[in-house]
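Below: one structure, written as structure tokens.
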Protein chains: 2
Amino acid sequence: MEQAAEQGGGLVSSTVGAITRLIREQDLMPGDRLPSEATLARDLQVSRTVVREAFRSLAAMRIIELSTGRRATVAPIDHGAMSLIIEHGVHTDQISIQQIYDVRRTIETRIVTLAALRRTEDEARIITDEAAAMRASLTRPEVLMRHDLAFHMALARASKNPVFGLIVGAFQGITSQTWPIGWRSRTTTEAREAMIVNHERIAAAIAEGDPERAVAAMALHFDESVRALISAGLT
Amino acid sequence: MEQAAEQGGGLVSSTVGAITRLIREQDLMPGDRLPSEATLARDLQVSRTVVREAFRSLAAMRIIELSTGRRATVAPIDHGAMSLIIEHGVHTDQISIQQIYDVRRTIETRIVTLAALRRTEDEARIITDEAAAMRASLTRPEVLMRHDLAFHMALARASKNPVFGLIVGAFQGITSQTWPIGWRSRTTTEAREAMIVNHERIAAAIAEGDPERAVAAMALHFDESVRALISAGLT
DNA sequence: ACTCCAAAGCTGTAATACAGGTTGGCATTC
DNA sequence: GAATGCCAACCTGTATTACAGCTTTGGAGT
């Protein structure tokens, strides 16, 4: 499928393909070092300029990591690039916030089912702690938001499927930009309390290993969140 | 020289940030043209080299499109970059094929529900046609696979939520690499027939606007597919 | 108005230069 | 022999110049 991408006709595109192939053929794992720019330029018969631009492309997708003076290394999977792609889609009106929430609901409903069944004791504690930290930071929205995001990432991790983490992470960029809107629309103490309670309920269900209750609590959470966003006049 | 709080200290990273900000602030939409490399280099006080590498980064994520002689343009959302990210995760053993299928099942189960409710007549016809095309190409695996992939993309489109299309598309790169394995493991006529029938059942349920039957058919489809991959010895 | 073409503008690639960070090995010391 | 400190080689980040080839633009001619 990267054949299509590297067919662009440019030297850079085909160099990206060559480097990708090199990673696969040599079975390089995250952390392994790639050849230097000069070496690749010589081996592939292109200028260092071309190799550098190819490296930048791969680094943008977090397939490799670059840092000054050091060789490029193969990167661990990371949702940073996906996050930017989603943000771009939203900012150019190709994706709405509601559509993001529809997908999140689908994904996270499945996540809590798996998390309830597979979470370790440690993970259950982390999830519970994040919910508690949310309650403790009711007066500091930025801190509260950070714990909210961390809560959902912890759930994804407990599902034991890294792809869920990737997708949840991909939405965090845009979510962190819209979260304050939802928060400000919760004007009453009750509304804010309800949001916290939903998270605590989810955490409790995960801790008890009860998938049905976890799903039900997550559904309530999304109902409440979407209601908050709509009442703020979002799409 | 602006030191954006964005990424690591590099000039390229902050230039990427500056260009992204420019797209947002000027509210550029897909197809709109960006300033030339030389203009940006002058405005941002960096060399053309830096601007080019920033452009490459954004192009890798399909946030902008580059082509010779022409100005860079803002790009429509596209799953190409995500596809490469997923492939990288699988090739470096950070993601397993089974995990991909778990996520696909979750996503596509939701997709068929929405598709059954929201599909237009045209979309219903396209979906049915792709299923028919699959049956018609039983002896040509490459063609059959193409229609299989197109079938699932058509379902995603009918869900009327572009994010589902993005995710399904993100999996197509790696799917097209593993599909032949599953196909070869279906050695009997019955097994191959069963696979086609599952697709036809899904198409029929969508055409009739019956979400429950569509979900049930999709579940059968995934049960059968995963069984085929496991019998082929895949993780 | 319309067509066609040449000039101007733009991107793709190469080559060179140098500053500053990193690495590995060597010498020194304990 | 092990730990430490230091230096030279290597590597990446950025700037600059040059030129080929493609695209767009604006004007000349009809």
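Just so it is clear: chains get the letters A, B, ... in the order the sequence lines come, proteins before strands, and each one is counted from 1.
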Report task. Using heavy atoms to find the nearest nucleotide of DNA chain C for A:Q45 and A:G69 separately, return the residue whose nucleotide is more 5′. Result ->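 Whichever sits nearer the 5' end wins; that is A:Q45.
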Report task. Between A:S47 and A:R70, just flag the one whose closest nucleotide in DNA chain C comes earlier from the 5' side. Result ->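 Comparing both residues, the 5'-ward one is A:S47.
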Query raised in the report: Given C:dG12, is OP1 or OP2 found less than 4.0 Å from the side-chain N or O atoms of B:R52?
Result: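 Looking at the OP1 and OP2 atoms of C:dG12, one of them is under 4.0 Å from a side-chain N or O of B:R52.
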[N] [atom2] sits how many Å from [X] [atom1], rounded?
X     : N      : atom1 : atom2 : result
B:R33 : D:dT25 : CZ    : C1'   : 10 Å
B:L11 : D:dT16 : CG    : P     : 12 Å
B:E37 : D:dC22 : CD    : P     : 17 Å
A:L58 : D:dT12 : CG    : C1'   : 16 Å
B:L34 : C:dT11 : CG    : P     : 10 Å
B:L40 : D:dA15 : CG    : P     : 14 Å
B:E53 : C:dG12 : CD    : P     : 13 Å

Query raised in the report: Do you see a donor-acceptor pair shorter than 3.5 Å between the side chains of B:Q98 and B:S96?
Result: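 Not at all, the side chains of B:Q98 and B:S96 share no donor-acceptor pair under 3.5 Å.
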Report task. Check every strand shown and say whether B:S36 touches a base, only sugar-phosphate, or nothing at a heavy-atom separation below 4.0 Å. Result ->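 Sugar-phosphate, no base atom in range.
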Requested in this report: Please evaluate the base of C:dG12 for a donor-acceptor partner in the side chain of B:R48 within a cut-off of under 3.5 Å?
Outcome: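 For B:R48, whose side chain was compared with the base of C:dG12, there is a donor-acceptor pair (under 3.5 Å).
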Report task. Identify which nucleotide among C:dT13, C:dC10, D:dT12 has an atom closest to any side-chain atom of A:R71, counting heavy atoms from C-beta outward. Result ->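 My answer, after comparing the listed nucleotides, is D:dT12.
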Requested in this report: Starting from the C-alpha separation in whole Å, work towards a yes-or-no answer on side-chain hydrogen bond (donor to acceptor under 3.5 Å, both in side chains) for A:R140 and A:S137.
Outcome: CA-CA 5 Å; A:R140 286 158 298 167; A:S137 48; 5.0 Å; no
Query raised in the report: Are the aromatic ring centres of B:H152 and B:H221 under 6.0 angstrom apart?
Result: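 B:H152 vs B:H221: aromatic centres under 6.0 Å.
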**Report entry** Geometric cation-pi criterion, B:R52 with B:F55: 6.0 Å, 45°
**Finding:**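 No, B:R52 does not sit over the ring of B:F55.
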